[in-house]
Amino acid sequence: MQLYLLRHAQSESNARWDRNPGETFHYPDPDLTNLGHTQAEAVAAALAKRNEEIIEKKHDPWNHRGFDITHIYTSLMIRAVETANHIGKQLDLPVQGRTDLHEWGGIYKLNDETGENTGIPGNNRAFFEANYPRIVLPDDFNDDGWWDRPYETPEDVPARADRVVDWLISIHAATSDRVLVVSHGGFLNHVIGRLLNLTAEQTQRNLDQRIWLVLNNTGMTRVDILPDSRWLVYHNRIDHLSPEKIT
């Protein structure tokens, strides 16, 4: 399996943070900005491009011939859904929604006065069917709002990353599938750590010490999972973006 881990395009929250670094605020489930949609279209075009004249090699560490994505999975947070939707349209592939690919915390509201985080439902089935019919909703989707649980504490994130990696490996590891996962920078730090055999404690210690695997908006990481090894082929690839579109 070739596994491609993609951070979503620029969200309204990302843009606000860029304008006001260090500001305390929280958008429960922000949309993409206009620039974010442009970034998503750019990565979609890159993933769709094929260079038939290039001879197929056993290992193509830069995907010179193309990506040939076979499966797309996405977080159900809107910034990821919108990014994956652009890609699914360009590749003419269904996009499988997953409730376990969300960013730390899930869908929640921040009380400015108390600092308390409270889980809120998220978008329901009718919303997705009306706005994103390409998204295939998962079996554990709650029709009244997919985030049917309280705020996710930081201590719960590593176990979720373990479950995601174990699930991907159980489905795809023994295949030649090329799997794209659209998710979030914080959560992907845990997933990549797990793939590279770091323990949950090691990954969390790195994050606590501000040792961060940087992922720009639409930055992509490739990990090849072979029968006897795993290869980190590249990390945070953003050559599909021109300099002024990098965030």
Side-chain angles (χ1 to χ4, degrees), residues 5-44 46 74-84 86-87 101-120 122-123 147 150-158 160-161 181-194 196 198 200 202-221 232 234-247:
L5 304 170
L6 182 79
R7 185 188 175 202
H8 60 80
Q10 186 194 56
S11 70
E12 293 170 345
S13 182
N14 295 151
R16 180 170 172 176
W17 179 266
D18 286 346
R19 293 191 301 269
N20 303 287
E23 179 185 8
T24 300
F25 69 94
H26 178 69
Y27 295 158
D29 197 9
D31 293 333
L32 294 186
T33 63
N34 290 336
L35 175 56
H37 283 287
T38 300
Q39 293 171 335
E41 290 169 352
V43 73
T74 186
S75 156
L76 290 172
M77 288 179 156
I78 291 304
R79 55 199 185 274
V81 167
E82 291 179 335
T83 303
H86 281 289
I87 296 168
L101 292 176
H102 59 84
E103 184 57 293
W104 303 347
I107 305 289
Y108 65 93
K109 179 171 59 176
L110 171 65
N111 186 315
D112 292 332
E113 293 183 2
T114 66
E116 182 181 1
N117 299 315
T118 304
I120 56 178
N123 291 300
W147 183 258
Y151 170 75
E152 178 191 55
T153 66
E155 293 76 22
D156 292 330
V157 179
R160 178 163 58 90
V181 173
V182 182
S183 187
H184 307 266
F187 184 58
L188 288 177
N189 263 257
H190 281 277
V191 170
I192 295 167
R194 174 73 164 79
L196 299 182
L198 295 179
Q202 288 170 322
T203 298
Q204 189 59 54
R205 184 166 62 249
N206 285 344
L207 294 173
D208 291 343
Q209 295 175 353
R210 303 186 67 81
I211 299 172
W212 186 258
L213 297 174
V214 171
L215 278 167
N216 290 89
N217 292 121
T218 68
M220 184 162 52
T221 295
L232 176 61
Y234 50 73
H235 175 69
N236 196 32
R237 180 173 180 178
I238 52 171
D239 55 307
H240 53 274
L241 297 177
S242 55
E244 71 277 5
K245 294 175 183 170
I246 295 173
T247 57

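As a basis for the values below, the full set of heavy atoms in this structure was taken, side chains included, without hydrogen atoms, waters or symmetry mates. Just so we're clear, the structure is a prediction, and the values are computed from it rather than from any experiment.
- From E103, atom CD reaches atom NE2 of H184 across 6.0 Å, with rounding to the nearest 0.5 Å.
- A distance-only check finds a donor-acceptor pair linking the side chain of H240 to the backbone of T218 [under 3.5 Å].
- Atom CG of N20 sits in a crowded spot, with more than 12 heavy atoms from other residues, nucleotides or ligands closer than 6.0 Å.
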Pairs under 3.5 angstrom only: tabulate donor-acceptor contacts from the side chains of residues 203-210 to other protein residues two or more places apart or in another chain.
| unit_1 | atom_1 | unit_2 | atom_2 | d |
| --- | --- | --- | --- | --- |
| T203 | OG1 | T199 | O | 3.3 |
| Q204 | NE2 | D208 | OD1 | 2.9 |

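- With rounding to the nearest 0.5 Å, the separation of CD in E116 from NZ in K109 is 10.0 Å.
- Nearest heavy atoms, I238 versus G219: CG2-CA, 3.5 Å.
- For L213, the side chain to side chain contact (heavy atoms under 4.5 Å, CB included) criterion is met by N189, I192, H235, not counting sequence neighbours.
- Judged as a side chain to side chain contact (heavy atoms under 4.5 Å, CB included), and not counting sequence neighbours, the contacts of E113 are N111.
- Taking D31 as the reference, E12, I78, E82 meet the side chain to side chain contact (heavy atoms under 4.5 Å, CB included) condition, with sequence neighbours excluded.
- Of the candidates N216, L35, T33, L35 is the only one forming a side chain to side chain contact (heavy atoms under 4.5 Å, CB included) with T247.
- Residues meeting the side-chain hydrogen bond (donor to acceptor under 3.5 Å, both in side chains) test with T83, sequence neighbours left out: none.
- In this structure, the side-chain hydrogen bond (donor to acceptor under 3.5 Å, both in side chains) partners of D156, at least two apart in sequence or on a different chain, are T153.
- The closest donor-acceptor contact from the side chain of Q10 to the backbone of Q39 lies at 3.5 Å or more, if one exists at all.
- Scanning all heavy atoms of the two residues, the minimum distance from M77 to G106 falls at CE-O, 3.2 Å.
- Here salt bridge (charged side-chain N to carboxylate O under 4.0 Å, His left out) pairs that include residues 238-247, with residues two or more places apart or in two chains, are R237-D239.
- Aromatic ring orientation, H102 versus F187: parallel (interplanar angle below 30°, classes split at 30° and 60°).
- Although no hydrogens or angles enter the test, the distance criterion places a donor-acceptor pair under 3.5 Å between the side chain of R7 and the main chain of L215.
- Distance alone, capped at 3.5 Å, is enough to place a donor-acceptor pair between the S183 side chain and the L101 backbone.
- Formation of a donor-acceptor pair under 3.5 Å by the N217 side chain with backbone atoms of S11 is not found in this model.
- The ring-ring contact (aromatic ring centres under 6.0 Å, His included) test applied to Y151 returns Y108, not counting sequence neighbours.
- Interatomic distance, R79 CZ to T74 OG1, rounded to the nearest 0.5 Å: 10.5 Å.
- In this structure, the ring-ring contact (aromatic ring centres under 6.0 Å, His included) partners of H37, at least two apart in sequence or on a different chain, are H86.
- Residues that satisfy the side chain to side chain contact (heavy atoms under 4.5 Å, CB included) test with D112, not counting sequence neighbours, are L110.
- The two residues L32 and A40 make their nearest non-hydrogen contact at CD1-CB, 4.5 Å.
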Side chain to side chain contact (heavy atoms under 4.5 Å, CB included) between N123 and D29, worked out: CA-CA 9 Å; N123 291 300; D29 197 9; 3.4 Å; yes
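- A distance of 12.5 Å separates CD1 of I107 from CG of N117, quoted to the nearest 0.5 Å.
- Take R160 and apply the salt bridge (charged side-chain N to carboxylate O under 4.0 Å, His left out) test, not counting sequence neighbours, and it matches E152.
- Listed by first then second residue, pairs satisfying salt bridge (charged side-chain N to carboxylate O under 4.0 Å, His left out) with a partner in residues 17-27 read R16-E23, not counting sequence neighbours.
- Applying the side chain to side chain contact (heavy atoms under 4.5 Å, CB included) test between V43 and each of L241, I87, V182 identifies I87 as the sole match.
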